[in-house]
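Heads up: the structure comes next, in structure tokens.
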Amino acid sequence: MANAVVPLSPAVVAEHGLSPDEFQRIREILGREPNLVELGIYSALWSEHCSYKSSKTFLKELPTTGPRVLQGPGENAGVVDIGDGLAVVFKMESHNHPSFIEPYQGAATGVGGILRDVFTMGARPLAILDGLFFGDPAAPRMRDLVDGVVRGIGGYGNCIGVPTVGGMTFFHPAYNKNILVNAMAVGLVRQERIFRAKAAGPGNPVLYAGSKTGRDGIHGASMASDVFDDEKAQRRPTVQVGDPFVEKLLLEAVLEVLEGDAVVAIQDMGAAGLTSSTFEMCARGGVGMELDLSKVPMRETGMTPYELMLSESQERMVLVVHKGREAEVVAVFKKWGLDIETIGIVCKEPRMRLLWHGDVVTDLEIAPLVEAVPLYRRAFTLPKPLPPSTPVSLDGAPNEGAALHALLASPNLCGKRWITSQFDWSVRTNTVAGPSGDAAVLRIPGTPKGFAITCDVNPRYVAADPQTGAAHAVVEAALNLACVGAKPLAVTDCLNFGNPERPEILGQLVAAIRGLAEACRAFETPVVSGNVSLYNETDGISILPTPTVGMVGLLDDVTRTVGHHFAGAGDIVALLGTTRDEMGASEYLATILGRDEGPCPALDFASARALMNLLLETVRDGMLSSAHDVSEGGLAVALAEAAMGPRGLGADVNVVTPLSSTRLLFSQTAGRAVVSLPAGRERNLVDAGRRYGVAVALLGRVVKGRLAVSVNGARAFDLETSALKTVSESAFLKLLEA
């Protein structure tokens, strides 16, 4: 046997991210010492990133089925029925550690990987979203990290021709040494053309297609399954290098070849490269493979079987093809100028046999590597959050106008045009509403329908109360979709947490999953795909718990959608929902008073769902001119954002309340929306609100050029909309240049 077995030192085992107990378990499975190739394969497939060994037990609580679900977790991406024989395919993934090491390539290859997850299912990608979580803008490297990540996302998405239509950006010192880059992609497929990564048919050839394999990305999966420190941050060779132009060719070649019936199964080479793709395909199909690694296209000389199995070089695919049909598949990829080689065959016995120039490198049983991963139910400590009624002092609060200016200039609430202007969000001409709104809206070609997409989480809420805070992310996403008239369908998630070996961190994850499960059941939005990213911790400092939620919704008539800006002078402005004194974990408290504390706002699923249904009905019926969810920054910020549109329209409103003006304007009570509608229709809105049990307060009218807000008849502020817009749009560049 090539690569003869020699005793592996404890240091080598540790470098592969395996514990002594795990290594002993491998010895017992094999009945001997593993060789280096086998150690690498086990380390990759048993890594946290690939196996979910610390989270799988808890993920079972998430709802994953529903009447529209065509494919849930376990494949490259989730698939949901949208009628007319069509389906939407979507998934979210993280690329956190690589983006901190090398921000441009880390973010770019994160986009490339999530796009491959979608088009491997047979779907043409239509949109990208990103969830970006950065540290204090003044922290070391942070401005360079922001710049590199944004350029990486734009560089890859723009070049491949898929619009980046929205997302979210959040800043907090907890991300100073561990930024998060979460990428979501959405595509469209005919239901009869959905493909899966399930190898079948002993004797069928296994083909490698796409870029040649290099040494980039080796140990990427194990790096993503470990805590960070300055030494590990130097691992630049573990960051993959992407080429969006090759990915564009690969996308078109894959979609063309999947139009025929020659392909049995297809899988992209993502984390753990050729190892994960082939072993997982075999495990799903209950078959094995024999691969000749010397036939893998290589771009570097002297590569070894170990490197070929663990490389995470980008833009590569594995295909299982019906025997005798290889030539037609090869012809398609050659037409697109891509490498393609037959590297093996499917075998009946569920084993992976690897050859190198005729010698056997290894012969492994597949099941233990994929199905017998050690699953841990580690000790955890559930958090004890403050009750929502815990009082929050506002001593030292400035006047409301000054506070609004400061919030609009803050990193989390200021305009992000500096980011979105680097993204081509209208390419392919399907984008109806792009970045900066409550949700992005795209038309579904050939139909009157559209779909809306959004991603959301408030890490401050999750830190204050992981269960309720995670549920807030689902509710916020659902209301964002409802504001543009889209009925929520399903969820993808990216669960970003610290070291699960710490009981308090695992307790955050367990509580957050419970919150997600509870909210997804309440809104009938099953989780159809997702990703868990643990060990987001550097030098013992963990990130804020960040369970990012991506959600897709459906519009029966895309022309009925509305935006969040005020649209017509003289329109009536109304507030839907009730405001309570909930200043804890708020942007106001953190930005204006410098206190990152207090309880997470309460959450009432029934009330939030009633508001969602009211919004869906009133947008569908053409009653509303605009709709905007009230979230971070509260009512004052929601009104200001509605007033910063291209028409220069603001509002003159008066709010009647038992609360103080500061608490009324900046409370972050969930389940509210600011809407506007033509005068004369307000009685219809009030009646609709009564039917759904949603409070409707008529506040005033849309006016030109100013935002004037009174509370109980006393003027809180009267500001020019142009000044608000200038403050918001100039702030982000100033933060980067400071």
Side-chain angles (χ1 to χ4, degrees), residues 70-71 73 75-80 82 86-96 99 106-132 149 152-168 180-189 194-195 197 240 242 244 247-248 250-252 254-255 258 266-271 314-315 317 423-428 430-431 434-435 439-442 444 451-456 477 489-494 527-531 533 548-553:
L70 301 177
Q71 177 63 59
E75 268 291 342
N76 287 294
V79 187
V80 176
I82 57 171
L86 298 173
V88 64
V89 178
F90 59 102
K91 189 181 183 183
M92 181 182 289
E93 285 251 8
S94 62
H95 226 224
N96 302 335
S99 297
T109 53
V111 171
I114 200 66
L115 288 172
R116 289 194 300 279
D117 282 338
V118 167
F119 70 75
T120 301
M121 301 290 294
R124 177 170 290 281
L126 293 185
I128 301 164
L129 281 83
D130 54 66
L132 309 179
V149 165
I153 293 169
Y156 207 100
N158 295 351
C159 290
I160 198 172
V162 179
T164 302
V165 296
M168 65 168 293
L180 304 181
V181 175
N182 295 174
M184 176 178 171
V186 185
L188 192 67
V189 66
I194 298 170
F195 278 79
Q240 309 94 320
E247 178 120 335
K248 173 63 174 174
L250 186 63
L251 184 158
E252 298 301 339
V254 166
L255 294 183
L258 294 184
I266 182 169
Q267 170 79 44
D268 82 289
M269 291 188 231
Q314 296 291 285
E315 296 91 36
M317 292 281 176
F423 303 155
D424 187 344
W425 50 267
S426 60
V427 65
R428 301 191 66 84
N430 291 316
T431 307
V441 180
L442 292 95
I444 298 172
F451 65 85
I453 46 179
T454 188
C455 65
D456 207 278
L489 297 181
V491 159
T492 183
D493 58 32
C494 197
V527 180
V528 298
S529 61
N531 170 240
S533 175
T548 312
V549 169
M551 191 179 287
V552 173

[Y] side chain reached by [X] side chain, heavy atoms, under 4.5 Å:
{"X": "N531", "Y": "D493", "value": "no"}
{"X": "L70", "Y": "I194", "value": "yes"}
{"X": "L86", "Y": "I444", "value": "yes"}

Response to the item:
The reported gap from CE in M121 to CG in D268 (rounded to nearest 0.5 angstrom) is 11.0 Å

Fill in: Atom pair OG/CD of S529 and Q71 - distance to nearest 0.5 Å
10.0 Å

Item to complete: List the steps and the verdict of side chain to side chain donor-acceptor pair (under 3.5 Å) for T548 and N182.
Response: CA-CA 8 Å; T548 312; N182 295 174; 2.9 Å; yes

Discussion item. Once salt bridge (charged side-chain N to carboxylate O under 4.0 Å, His left out) is applied, do any residues pair with E247, and if so which ones, sequence neighbours excluded?
Written reply: R116

Worksheet item: With distance as the sole criterion, is a donor-acceptor pair present between the side chains of T120 and N76 under 3.5 Å?
Response: no

Discussion item. Donor-acceptor pair, distance only, cut-off 3.5 Å: does the side chain of T492 make one with the backbone of M92?
Written reply: yes

Worksheet item: Within the side chain of H95, is there an N or O that forms a donor-acceptor pair under 3.5 Å with the backbone of V181?
Response: no

Discussion item. Taking side chain to side chain contact (heavy atoms under 4.5 Å, CB included) as the definition, give me every residue that meets it alongside D424, ordered by chain and number, with sequence neighbours left out.
Written reply: N158, S426, V427

Worksheet, complete the sentence: Sequence neighbours excluded, the answer for side chain to side chain contact (heavy atoms under 4.5 Å, CB included) partners of P125 is L115, V118, F119, V162, L251

